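Since we're looking at a predicted model, the values are computed, not measured.
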Amino acid sequence: MKLGIVGKGGVGKTTISALIAQSYVAHSKRVIAIDTDSNPNLGVSLGLTLEQSEQIPVLPRSLIVGSGVDLSPEELVAKYGHPTPAGVTLLSAIKVTEAGAGCTCGGHATVRSLLGTALETEADVTLVDMEAGIEHLSRSGGTLAYADILLVVAEPTRKAVMTAARTLALAEELGISRTYLVGNKAHLPADKAFFTEQCERVGLPLAGVVPFDLQVADADRLGMSLPADHGASVRTAVDEVVNFLQEVYTAA
């Protein structure tokens, strides 16, 4: 499965990405997670220290333009992949380290190329944690054009749902036929009802609703991954989302 995860800034997209990846590992799946945020944080959410995360080599643009790099998928993962305490192999596609360095289009093109063919033999699930917003869906070719499923993470606000609706339209233009919303930071039951109502209104299927949890907020505030014995209700909700994804993927 090739899974893209998107959403506007601040909705908890990277936390949800990490928890989904961990859930798949718990189901004995080989998971590769690709961080495409220009300010990458997925590694920290998967249990790496900030220093370890910063040391992960960035995938070179030459992987797609063919300027001398010719690696097999196994060699690519061995050279650029980084194991994490969560059991997920992490790839870093984009990193902005200096002002005026230019656009990140090359990194996005690399991700599109990898989703096309390269990682199919190395992972049961390839998860792409996209940068915030929807601009990446409008790039030439679309970064996530080869994704099997697109998940849009939203918090319980009209603005977040409006962004999700715009994402659905762009995904359909790219040919991604399965796009779903994951409601996050929900105060039950009112926010679950909000997500259900709004998803019906904009025509975006709801994959699940993840409750607000102070332990998740505390982990984010401290800049660390959610401890394994914390956030039980959140982990249960994410497991239900993963079960949903497996059902729709295998039914295709």
Point-to-point distance, once rounded to the nearest 0.5 Å, from CZ of F244 to CG of L206: 8.0 Å

If you compare all heavy atoms of K29 against all heavy atoms of V125, which two are closest, and at what distance to 0.1 Å? CB-CG2, 4.4 Å

Show, in sequence, the C-alpha distance, side-chain angles and deciding distance for L91 and I32, and conclude whether the side-chain contact (heavy atoms from CB on, under 4.5 Å) test is met. CA-CA 7 Å; L91 294 173; I32 290 178; 3.8 Å; yes

Are L90 and L226 connected, step by step, through hydrophobic side chains (Ile, Leu, Val, Met, Phe, Trp, Tyr) whose heavy atoms are closer than 4.5 Å? yes

Should M224 and I16 be regarded as members of a common hydrophobic cluster, given that ILVMFWY residues are connected when their side-chain heavy atoms come within less than 4.5 Å of each other, either directly or indirectly? no

Okay, side chain of S23, backbone of L19: is any donor-acceptor separation there less than 3.5 Å? no

For F194, ring-ring contact (aromatic ring centres under 6.0 Å, His included) partners two or more places apart: none

So that I can tick it off, tell me whether D124 and R30 are bridged by a salt bridge, with the cut-off set at under 4.0 angstrom between side-chain N and carboxylate O. yes

Start with the C-alpha gap between T163 and T167, add the side-chain angles, then the distance that decides, and say whether side-chain contact (heavy atoms from CB on, under 4.5 Å) holds. CA-CA 6 Å; T163 299; T167 302; 4.3 Å; yes

Indicate, with yes or no, if V216 and V242 share a hydrophobic cluster defined by side-chain heavy-atom contacts under 4.5 Å among Ile, Leu, Val, Met, Phe, Trp and Tyr. yes

If you measure from CG on N41 to CG on L46, what distance do you get to the nearest 0.5 Å? 11.0 Å

Could you walk me through whether L181 and Q198 satisfy the side-chain contact (heavy atoms from CB on, under 4.5 Å) test, starting with their C-alpha distance in whole Å, then the side-chain angles of each, then the deciding distance to 0.1 Å, before giving a yes or no? CA-CA 10 Å; L181 185 137; Q198 294 300 313; over 6 Å; no

Under 3.5 Å, side chain of K192 to main-chain N/O of A186, donor-acceptor pair present? no

Quick one: do L168 and V202 satisfy side-chain contact (heavy atoms from CB on, under 4.5 Å)? Show the steps, please. CA-CA 9 Å; L168 173 62; V202 301; 5.8 Å; no

Taking all heavy atoms of G4 and all of A147, pick out the closest pair and write down the distance. N-CB, 4.4 Å

Please confirm whether the backbone N or O of D35 pairs with a side-chain atom of D129, one donor and one acceptor, at under 3.5 Å? no

Using every non-hydrogen atom in the two residues, find where L204 and A164 come nearest and quote the distance to one decimal. CD2-CB, 3.7 Å

Name the residue from L3, V88, I34, L42 that meets the side-chain contact (heavy atoms from CB on, under 4.5 Å) definition with S17. L42

Rounded distance (nearest 0.5 Å) linking atom OG1 of T126 with atom NZ of K2: 7.5 Å

So the salt bridge (charged side-chain N to carboxylate O under 4.0 Å, His left out) pairs with at least one residue in residues 227-244 (sequence neighbours excluded) are none

Quick one: CD on Q22 to OG on S45, what's the gap to the nearest 0.5 Å? 8.5 Å

Do L151 and V209 sit in the same hydrophobic cluster, where Ile, Leu, Val, Met, Phe, Trp and Tyr count as joined when their side-chain heavy atoms come under 4.5 Å apart? no

F195 with V11, same ILVMFWY side-chain cluster at under 4.5 Å: no

Please give me the minimum heavy-atom distance between V241 and A207, naming the atom from each residue. CG2-O, 4.0 Å

Among L150, T14, L127, exactly one meets side-chain contact (heavy atoms from CB on, under 4.5 Å) together with I5. Which residue is that? L127

If you take all heavy atoms of S233 and P211, which pair is closest and at what distance? OG-CG, 3.8 Å

For L48 and Q52, work out which heavy atoms get closest and say how close. CA-OE1, 3.5 Å

Working to the nearest 0.5 Å, report the span between CD of E51 and CD of Q55. 8.0 Å

Run the ring-ring contact (aromatic ring centres under 6.0 Å, His included) test against H27 and tell me which residues pass, sequence neighbours left out. none

Just to verify, what does R221 make a salt bridge (charged side-chain N to carboxylate O under 4.0 Å, His left out) with, not counting sequence neighbours? D218

The ring-ring contact (aromatic ring centres under 6.0 Å, His included) partners of Y249 (sequence neighbours excluded) come to none

Quick one: does N184's side chain have a donor or acceptor within less than 3.5 Å of a partner on V153's backbone? no

Which residue pairs satisfy the salt bridge (charged side-chain N to carboxylate O under 4.0 Å, His left out) criterion with at least one member in residues 171-187, sequence neighbours excluded? E155-K185

